[in-house]
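Just so it is clear, the values below take in all heavy atoms, side chains as well, and ignore hydrogens, waters and symmetry mates.
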Protein chains: 2
Amino acid sequence: MSDPIDFYFDLSSPYGYLASTRIEELAARYGRTVRWRPMLLGVVFKMNGCAPLTEVPLKGQYSVHDFYRTARLHGIPYKHPEKFPLSVQLASRAMLWLEETHGERKAIEFAQVVYRAYFVEGEDITDPDILAALAEGLGVDGDVMIEEANTPAIKDRFRAEVAAAMERGVFGSPFVIVDGEPFWGFDRFYQIEALLKNGRI
Amino acid sequence: MSDPIDFYFDLSSPYGYLASTRIEELAARYGRTVRWRPMLLGVVFKMNGCAPLTEVPLKGQYSVHDFYRTARLHGIPYKHPEKFPLSVQLASRAMLWLEETHGERKAIEFAQVVYRAYFVEGEDITDPDILAALAEGLGVDGDVMIEEANTPAIKDRFRAEVAAAMERGVFGSPFVIVDGEPFWGFDRFYQIEALLKNGRI
């Protein structure tokens, strides 16, 4: 059995969202599973001096255009959020708590509904009530989840996870590692597929 | 007759080089011609606070890996230059002078041999003697070219061209504009092809 694919993403990253809608089917086509790892672009930007794409002169306007165009070309629904980017600390920690208590599958489903709430429905995914309601939709007690996602233990764990990601060289979203080979960007999915198909790249 | 495709590139940009080896055949497949427009990433970076990819922590190491991998996947020769990035002011102005005096085709050939000299042969394309020799290989008087590429008139013209590019929203290399639609990156060539094929995107 081959190792799982590591899929790193920031829950407020448009290309992370696009990738999240395709990574499972891509992996499954080659008999692989996916380990979903939330990370924080803000922490990376503090380290390397970069800024969110949409805040860079010239690049910003183009980027939003490209989010829509790329989504359309791949048949993925997309509506750029009015409030962007957002802090996704709470949502990410909630995902980690779900993983610990309800298993990996439930945590992935939660990440998927959070992404959809933000990039399709335009909901404010910093709002604990909205996150709780999304959890309820998956059969999880939303109030408990929010309470647990705010414990120091989970905060420490998420901090350690983000640091570990950066130590592995993760600096963007999406960032995928397959058999030790790193890929940054939804636009590298054709390269991931080449590796999965041929066993080398 | 459709409008030409505008192809903006920095002569020390790895992805610009990769794109330069494919843009003509892509355009030709859809009955289009290409206008090659040299630009300077350094001027953009001064404006938007970005840095060369290879100088950003974590991103730097990944980028060089990705240059090689992407080149290999597309069957393009690549050898990352030891001295990188370089100032390509002189080479770019030489290209503009060639365009004025020897025609567009000769200028494009020059850009292609300069790219190859830098990204395949590892030559120092800031060196006037090397640029002159590359011109001689195309049947051009290299010494005259270097002299002419240093006149205030050509310097002014190149400065104006770079400013005009940025006014059109160009902020990266390669940057392609097709029928008013902007595309940043060699990894957007599949989207350019979709536009050329379907007449819309």
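- Interatomic distance, B:Asp187 CG to A:Thr70 OG1, rounded to the nearest 0.5 Å: 9.0 Å.
- By the 6.0 Å contact criterion, CD on B:Gln61 is open, its count of non-hydrogen atoms from other residues, nucleotides or ligands being 12 or less.
- B:Tyr190 touches chain A through its side chain: at least one heavy atom from C-beta onward sits under 4.5 Å away, while N, CA, C and O do not.
- With a 4.5 Å cut-off on non-hydrogen atoms, B:Leu73 touches chain A through its side chain but not through its backbone.
- Ranking A:Asn48, A:Val44, A:Val170, A:Val56 against chain B, the residue ahead of the rest is A:Asn48, based on heavy-atom pairs under 4.5 Å.
- Atom CD of A:Glu82 has 12 or fewer neighbouring heavy atoms from other residues, nucleotides or ligands inside a 6.0 Å radius.
- Crowding of B:Arg22 atom CZ: a count of heavy atoms from other residues, nucleotides or ligands under 6.0 Å exceeding 12.
- By the neighbour-count criterion of 12 heavy atoms within 6.0 Å, atom CH2 of A:Trp36 is densely surrounded, having more than that number from other residues, nucleotides or ligands.
- Among A:Arg69, A:Arg72, A:Gln191, the residue making the largest number of heavy-atom pairs under 4.5 Å with chain B is A:Arg69.
- Heavy-atom neighbours of A:Glu147 CD from other residues, nucleotides or ligands within 6.0 Å: at or below the threshold of 12.
- Taking the six-membered ring for Trp and the full ring otherwise, A:Tyr62 and B:Phe175 have centroids separated by under 6.0 Å.
- The distance from the CG atom of B:Leu58 to the CD atom of A:Glu167 is 10.0 Å, given to the nearest 0.5 Å.
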